[in-house]
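Letters A, B, ... are given to chains in the order of the sequence lines, protein chains preceding strands, and every chain is numbered from 1.
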There are 2 protein chains.
Amino acid sequence: MKKLRHYIDLSDKDRELLAELEERETAFTARKEIYTGGDDNDAIYVVKEGWLHSSTVLIDGRRQIVKIHHPGDIIGFPDIAYEHVTTNLVAAEDCVLCPFQKSALVEIFRNSTKITSLFFALALRDQCVLIDNIRVFSRMSSRERLSWFLLDLISRLRVTNPDLGDMMRLPLTQAEIGDAISLSNVYVSRAFTALTRYGFLERVDGKVRLTNERKMRELVDFVDRYREMDTSWFDASASKVKRA
Amino acid sequence: MKKLRHYIDLSDKDRELLAELEERETAFTARKEIYTGGDDNDAIYVVKEGWLHSSTVLIDGRRQIVKIHHPGDIIGFPDIAYEHVTTNLVAAEDCVLCPFQKSALVEIFRNSTKITSLFFALALRDQCVLIDNIRVFSRMSSRERLSWFLLDLISRLRVTNPDLGDMMRLPLTQAEIGDAISLSNVYVSRAFTALTRYGFLERVDGKVRLTNERKMRELVDFVDRYREMDTSWFDASASKVKRA
DNA sequence: CGCCTTCTTGAATATTATCAAAGAACGTGG
DNA sequence: CCACGTTCTTTGATAATATTCAAGAAGGCG
């Protein structure tokens, strides 16, 4: 998995372990509901192709999208702590997933303290990201929310694709974006036209180009949580555990 | 630590390890800023006495409180993944903390897979809690936000104090509560009077009594993430790691 | 070509923020 | 123990922001 190698070196054995997770493949068509909140959660997924999103539903029927998943992401981590899944998983477009059992994860925990530590670190990083999201999606204006959302997406894509540039595919409807950044679809549209008018972005057939990323980052005081992490502490931990 | 024993049994050795974390003690007076975003993060804290909160600051100077810390909580977990702390820690009242080094955590990771797994599970649980918070604080009405906030607090307090009943101390100003649930202090006040009028709560000198918790839970579709967790998977993991 | 979904734009409405001021509670020092 | 200053809470009025409803435009797909 390219995504993990971005953060640490992996031994051959580690790679073997991870490769096992990607043995099986299942394809899903766009809009397909893969699981629903309350289902038993025995499966975790690695994304091979396509975008998906996890969401929860409010009492009044509105939907809150919690995370957009890209190729290379692992889906279902937070749910490990509970018996039932807490979210709905939907394919935003046609996609391919590699499902594996919770128990396969245990296998990894048993055999590689390095990967365990990395998974731990990723869980902590995701906490920071969620904290950012609370700040952004409950306090900032519509234009700021959309800016953060786009910056967040492109930063994540750059982890696996450093040469991405200023343009990315955006296979999401405005209603979906709204569900992700806590806005109505109508206001997402207005935010898009506003940011376009400011000269911050351009839209060309399903793609978005950030034409003034620097200004956009300033606008929302953007922090990239994906590019770098402090891995020193668990390197130490890992090596020490190996000795023990 | 009572809080951890709620979830799993701890061996004598595990207890020793955890006791080491609580060796040193430092007292802080109310309103004291213990650390500020951007500081080097070498210290993690266990709360011995008093309430505190971690917050981030928006560009316009407003504050977003990310988490309220109670006795028994560990402060600073999400920041482990980064070199600098990402939040501000402030004492909401006079309190006593037990600081320890990141490296002491490594010591634990080395010596107890059980505690490691539990910490991992707690990190995943906190992710679920943060996801709940996004849903609540960015989508729900002021009264619903306040309801959720109070239910969340009392549920957490019950983990260490099962006989708590329907009443709890609330050593926070309305401005602080507002910063936590993304409302202005004025609107927190209005939400309080509204919930009082509905017969959901009473306030008596710094304490809150939830007079109709059942209805309050229904109102917001409350999910208690603290009472139970699925620990079976890492029990298995722990025992397997020990054999390895 | 026509249907369906998505996007855009306008108008009316709702919710919350902000500003302002008064009342209550609290702590401190005399 | 009281007076005073400070902080916190409450209430009212106004302003800002986003929602909802509705209708028309633009694409995509059969």
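A donor atom on one side chain and an acceptor atom on the other are found under 3.5 Å apart for A/Tyr7 and A/Arg125.
The aromatic rings of A/Trp51 and A/His70 lie tilted to each other, with the angle between the two planes from 30° to 60°.
Residue B/Ser184 places no side-chain N or O under 4.0 Å from the OP1 or OP2 atom of C/dT18. Using a 4.0 Å cut-off, no side-chain N or O of B/Ser189 falls inside it from OP1 or OP2 of D/dT9. Listed pair A/Tyr187 / D/dA18 meets the phosphate criterion, a side-chain N or O lying under 4.0 Å from OP1 or OP2. Under 4.0 angstrom from either OP1 or OP2 of C/dT15 there lies no side-chain N or O belonging to B/Arg145. In this structure, B/Arg203 does not reach the C/dA25 phosphate: none of its side-chain N or O atoms is under 4.0 Å from OP1 or OP2. Contact between the side-chain N/O atoms of B/Gln174 and the OP1/OP2 oxygens of D/dT7 is not found at any separation under 4.0 Å.
Atom-to-atom, CD of B/Glu176 to C1' of D/dT9 comes out at 14 Å; the value is rounded to the nearest Å. Rounded to a whole Å, the CG atom of A/Asn185 is 19 Å from the P atom of D/dA26. Separating the CZ atom of A/Phe192 from the C1' atom of D/dA18 is a distance of 17 Å, rounded to the nearest angstrom. As a whole-Å value, the separation of B/Ile177 CD1 from D/dT9 C1' is 11 Å. Rounded to whole angstrom, the span from the CG atom of A/Leu146 across to the P atom of D/dA18 amounts to 12 Å. Between the CZ atom of B/Arg139 and the P atom of D/dA18 there is a distance of 13 Å, given to the nearest Å. What separates CZ of A/Arg62 from C1' of C/dA14 is a distance of 12 Å, to the nearest Å. Rounded to whole Å, the distance from CE on B/Met140 to P on C/dT15 is 15 Å.
Ion pairing between A/Asp73 and A/Lys67 fails under the 4.0 Å rule for side-chain N and carboxylate O. With respect to the salt-bridge test (charged N to carboxylate O, under 4.0 angstrom), the residues A/Asp230 and B/Lys102 qualify. The pair A/Arg158-A/Asp224 does not count as a salt bridge, with every side-chain nitrogen at least 4.0 angstrom from each carboxylate oxygen.
Considering only the side chain of B/Arg190, D/dA13 comes nearest among D/dT9, D/dA13, C/dT9. The side chain of A/Ser142 approaches D/dA18 more closely than any other nucleotide in the set C/dA17, D/dA18, D/dC8.
Contact annotation for B/Ser182: backbone-only contact, meaning every heavy-atom pair under 4.0 Å involves sugar-phosphate atoms and none involves a base. At a threshold of 4.0 angstrom between heavy atoms, the contacts of A/Val186 include nucleobase atoms, whether or not backbone atoms are also involved.
In terms of position along DNA chain D, the nucleotide closest to B/Arg31 lies nearer the 5' end than the nucleotide closest to the other residue of the pair B/Arg31 and A/Leu183.
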